[in-house]
Amino acid sequence: MKKVISFCLIIAGIFLFQSFISAKKTARVLVFSKTKGFRHNAIEAGKIAIMKLGTANNFEVDTTENAALFTEDNLKKYATVVFLSTTGDVLDNNQQAVFERYIQAGGGFVGIHAATDTEYDWPWYGKLVGAYFISHPAVQEAKFIIKDKKHPSTKFFTDSVWMHKDELYNFKDINPDIKVLITIDEKSYTGGKNGSFHPFSWYHLYDGGRAFYTSMGHTKETWNDEQFLNHLLGGIKYSISKQKPLNFDKVHTKLP
């Protein structure tokens, strides 16, 4: 009888352990890098770096440039979708509607660099990503000001000033609802056009989901920069944190 009881306890323990592992299911991230305009030569370095971040931080990473994968059945597998230096009109009307539904169902979004040089005729996306690109000067070093040290993407910074070399975007149509994390000091470089308040990284809640954007990531060298990678990792973690199972039954965007 004791052997039977011990065997049953072992089986119960295995079942509970498997249930715990299942409950702690690894998050899955989709990196989308389709381009219909300028193509950044750092995209491949970006894919590799994000996959390494996933391996080191317990989330799975898939990469694609195939917009046909923007279906509800496919996107519901992912905790967040990363637009990695996408440019131009990368999604058709149906795919746009699906992505809206994904965010409204509770999905996450991360935009990197040229994600703001994407989908200018899709106002919903412009508000999600937080702004649109208008121009940039030559790649150069600038003074980055850390405005919020409480966010996962910035809490590791020990100083409020970070000297960083990148392509420094100027923006238009900045969504007033964004929560600014990092700005750049236009007095520290040449070619800035946003004035005394020039946001460069931000986050916000938008239409049911969590969105994070950083304008960094233009150069291949940036993808080996530990500070930048920690910043991006924090943004990815923010976009998937406190996330409930996606619920497409409660969304309001209708498919065409």
| message | With a 4.5 Å cut-off on side-chain heavy-atom distances among I, L, V, M, F, W and Y, is there a chain of contacts connecting Met163 to Leu181? | response | no
| Do the side chain of Arg101 and the main chain of Thr253 share a donor and acceptor less than 3.5 angstrom apart? | yes
| query | What do you reckon, are the aromatic ring centroids of Phe133 and Phe38 less than 6.0 Å apart? | reply | no
| field | For Asp148 against Val180, the heavy-atom pair lying closest together | value | CB-O, 4.1 Å
| request: Carefully, step by step, assess Ile50 and Trp223 under the rule side chain to side chain contact (heavy atoms under 4.5 Å, CB included). | output: CA-CA 9 Å; Ile50 295 171; Trp223 291 98; 4.1 Å; yes
| query | How about Trp122 and Tyr132: are their ring centroids closer than 6.0 Å? | reply | no
| Between Thr35 and His40, is any pair of side-chain heavy atoms under 4.5 Å apart? | no
| request: Examine distances only and state if a side-chain atom of Asn74 and a backbone atom of Leu69 form a donor-acceptor pair shorter than 3.5 Å. | output: yes
| field | Under-4.0 Å salt bridge between Glu119 and Lys36 | value | no
| query | With the 4.5 Å side-chain cut-off for hydrophobic clustering, are Phe156 and Trp202 part of the same group? | reply | yes
| query | What is the ring orientation for His136 with His218, classed by angle as parallel under 30°, tilted 30 to 60°, or perpendicular over 60°? | reply | tilted
| query | Should we count NZ of Lys149 as having more than 12 external heavy atoms under 6.0 Å? | reply | yes
| message | Quick check: Phe99 with Phe83 (ring centres under 6.0 Å apart)? | response | yes
| note | When every non-hydrogen atom of Val90 is compared with those of Lys34, the smallest separation belongs to O-NZ, 3.2 Å
| message | Check this for me, if you would: do Lys47 and Glu65 make a salt bridge, where the nitrogen-to-carboxylate-oxygen distance has to be below 4.0 angstrom? | response | yes
| query | Could you give the distance from CG (Asp159) to CD1 (Ile145), rounded to the nearest 0.5 Å? | reply | 11.0 Å
| query | Has the side chain of Ser85 got a donor or acceptor atom that lies under 3.5 Å from a matching backbone atom of Ile43? | reply | no
| task | Would you please indicate yes or no on a ring centroid separation below 6.0 angstrom for His231 and Phe212? | result | yes
| field | Other residues, nucleotides, ligands: >12 heavy atoms within 6.0 Å of Lys77 NZ | value | yes
| said: Looking at Tyr102 and Thr80, would you say the former's side chain and the latter's main chain have a donor-acceptor pair under 3.5 Å? | reply: yes
| task | Examine distances only and state if a side-chain atom of Tyr206 and a backbone atom of Trp124 form a donor-acceptor pair shorter than 3.5 Å. | result | yes
| Near-ring test Tyr203/Tyr238, centroid separation under 6.0 angstrom | yes
| field | Side chains of Lys127 and Asp207 in contact at under 4.5 Å (non-hydrogen atoms) | value | no
| message | To check you understand the geometry: which heavy-atom pair defines the closest contact between Gly217 and Ala42, and what is its length? | response | O-CB, 4.1 Å
| said: Within the 3.5 Å criterion, strictly below it, is a donor on Thr87 or Asp117 matched to an acceptor on the partner's side chain? | reply: no
| said: Ignoring hydrogens, what is the shortest heavy-atom contact between Gly234 and His151? Give both atom names and the distance. | reply: O-CE1, 4.4 Å
| Can you tell me if Glu186 uses its side chain to pair, donor with acceptor, with the backbone of Lys193 under 3.5 Å? | yes
| query | Would Trp162 and Phe200 count as a close aromatic pair, with their ring centres under 6.0 Å? | reply | no
| task | With side chain to side chain contact (heavy atoms under 4.5 Å, CB included) as the test, would you mind laying out the steps for Lys165 and Thr219 before giving the verdict? | result | CA-CA 9 Å; Lys165 185 177 181 179; Thr219 67; over 6 Å; no
| query | If we ignore angles and hydrogens, is there a donor and acceptor under 3.5 Å between the side chains of His204 and Tyr213? | reply | no
